[in-house]
Amino acid sequence: YMYARKDDAVFVNLYAASTAEIKMADGKALKISQQTRYPWDGAIRLTVHPEKPAQFTMSVRVPGWARGEVVPSDLYRFIDGSSDPVTLKVNRRSVPLKVEKGYVSLRRNWRPGDVIDLHLPMPVRRVMATENVEADRERVAIQRGPIVYCAEWPDNPQGKVLELALHDNTPLTSEFKSDLLNGITIVNGTGLYIPQGGAENGTEKPVEFTLIPYYAWAHRGKGQMTVWMQRGNPVPKRPTATAL
């Protein structure tokens, strides 16, 4: 899944610190080492080690989320932009980012020790669903890099994450926590506490909140969790997940 070969083209599909040996079309071995902290960091370094200098193609994948596409359809979309561009270098020299079918193809005479550096920016971004998804109308989800986030009860005031609302202009920050859930990057911000049924008699108030990666929930006991938060406007109560 991580690497594939077709004729004399090698495809780098997934990113994780690793080493691999690929048998090329001429029968010779190509070794690839990958250094990265992905999915927490978008800096990816690929070092190629052909048995001897040879011409072939390295096709490096640029994920849809890094190109402004949540999924390959109009089901979801980002509602905020990213000014930090994807960059690609070979031996520290920038190369044009010509993406075709999700890949940048680098054809050259590769030598042992040649290095490809790919930088995928990872700002915290807001996601909205199409209006056709009734349950998610006027709600927002949070994504950083390839990771979708959720609010879970242990990290938030009184565990009341179903009453958490987030305005579109609220600043969001991220930080890595090595001592939480085996090491994760969390997202922090200031939201609003809006009781179910709407804010009345001054009950709406600002609250500090923390989000964790969606995959990591349900490890700390029973309580509330939500992915889709209110966009600062009261909405009817909707079903959500609860850890058992």
Side-chain angles (χ1 to χ4, degrees), residues 1-73 75-78 81-125 127 143-148 174 176 178 182-185 213-216:
Y1 292 109
M2 290 185 64
Y3 304 97
R5 180 186 65 82
K6 182 178 181 181
D7 301 326
D8 66 346
V10 174
F11 295 83
V12 183
N13 302 317
L14 300 174
Y15 299 113
S18 59
T19 59
E21 184 171 306
I22 300 168
K23 186 177 181 180
M24 300 298 287
D26 61 4
K28 292 184 170 55
L30 169 66
K31 294 181 180 179
I32 300 176
S33 63
Q34 187 176 156
Q35 295 173 294
T36 183
R37 291 184 61 249
Y38 191 91
W40 311 125
D41 191 299
I44 300 156
R45 170 164 288 186
L46 299 159
T47 306
V48 299
H49 296 278
E51 287 187 20
K52 63 179 183 179
Q55 187 176 80
F56 55 90
T57 300
M58 291 290 297
S59 292
V60 179
R61 179 170 171 259
V62 180
W65 62 262
R67 294 181 279 112
E69 185 180 76
V70 182
V71 293
S73 75
L75 181 58
Y76 303 110
R77 63 181 176 88
F78 291 117
S82 174
S83 59
D84 193 3
V86 176
T87 61
L88 186 63
K89 296 181 180 181
V90 176
N91 295 334
R92 299 186 179 181
R93 292 187 176 183
S94 296
V95 297
L97 200 74
K98 297 180 180 179
V99 182
E100 295 184 7
K101 297 182 179 180
Y103 292 81
V104 178
S105 294
L106 305 170
R107 187 165 186 83
R108 68 193 303 270
N109 191 45
W110 295 95
R111 299 176 178 275
D114 281 347
V115 174
I116 301 170
D117 284 304
L118 176 65
H119 170 65
L120 302 174
M122 291 188 174
V124 181
R125 304 186 70 179
V127 177
Q143 182 171 333
R144 180 182 181 273
I147 303 294
V148 174
S174 61
F176 186 75
S178 60
N182 291 326
I184 59 171
T185 292
Y214 173 69
Y215 77 80

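The chain is numbered in sequence order, starting from 1.
By the 4.5 Å heavy-atom criterion applied to side chains, M2 and L14 are counted as neighbours. Between P63 and Y38, some side-chain heavy-atom pair lies under the 4.5 Å cut-off. Put simply, the side chain of V127 does not reach to within 4.5 Å of the side chain of V148, judged on heavy atoms. Side chains of W65 and L120 form a contact here, defined as non-hydrogen atoms less than 4.5 Å apart. Side chains of I147 and M122 form no contact here, defined as non-hydrogen atoms less than 4.5 Å apart.
Here the closest non-hydrogen pair linking P121 and P123 is C-CD, 3.4 Å. Taking each heavy atom of F56 and P50 in turn, the nearest pair found is CE2-CB, 4.2 Å. Minimum heavy-atom separation, Y15 to V12: CE2-CG1, 3.7 Å. Here the closest non-hydrogen pair linking S174 and T185 is CB-CG2, 3.9 Å.
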Show me the donor-acceptor pairs within less than 3.5 Å that the side chains of residues 96-105 make with the rest of the protein, sequence neighbours left out.
{"residue": "Y103", "atom": "OH", "partner": "N13", "partner atom": "OD1", "Å": "2.6"}
{"residue": "S105", "atom": "OG", "partner": "S59", "partner atom": "OG", "Å": "3.1"}

Sequence neighbours left out, cut at 3.5 Å: what donor-acceptor pairs do the side chains of residues 20-33 make with other protein atoms?
{"residue": "D26", "atom": "OD1", "partner": "K28", "partner atom": "N", "Å": "3.0"}

Q | CA sep, side-chain torsions, deciding dist, call: R108, N91, side chain to side chain contact (heavy atoms under 4.5 Å, CB included) | A | CA-CA 12 Å; R108 68 193 303 270; N91 295 334; 4.1 Å; yes
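Atom CG of L118 is separated from atom CG of L46 by 7.5 Å, given to the nearest 0.5 angstrom. Atom-to-atom distance recorded for H119:NE2 and K89:NZ is 10.0 Å, nearest 0.5 angstrom. Note that CH2 of W40 and OG of S178 are 12.0 Å apart. Values are rounded to the nearest 0.5 Å. Put simply, CZ on R77 and CZ on R125 are 11.5 Å apart, with the number rounded to the nearest 0.5 Å. Between the CZ atom of R5 and the CZ atom of F11 there is a distance of 10.5 Å, given to the nearest 0.5 Å.
With sequence neighbours left out, the side chain to side chain donor-acceptor pair (under 3.5 Å) criterion links D117 to R45. With sequence neighbours left out, the side chain to side chain donor-acceptor pair (under 3.5 Å) criterion links R107 to D8, T57. Partners of R111 according to the side chain to side chain donor-acceptor pair (under 3.5 Å) rule, which considers only residues two or more places apart in sequence or in another chain, do not exist here. Applying the side chain to side chain donor-acceptor pair (under 3.5 Å) criterion to Y3, with sequence neighbours excluded, gives S18, Q34.
Here the side chain of T36 pairs no donor or acceptor atom with the backbone of A16 at under 3.5 angstrom.
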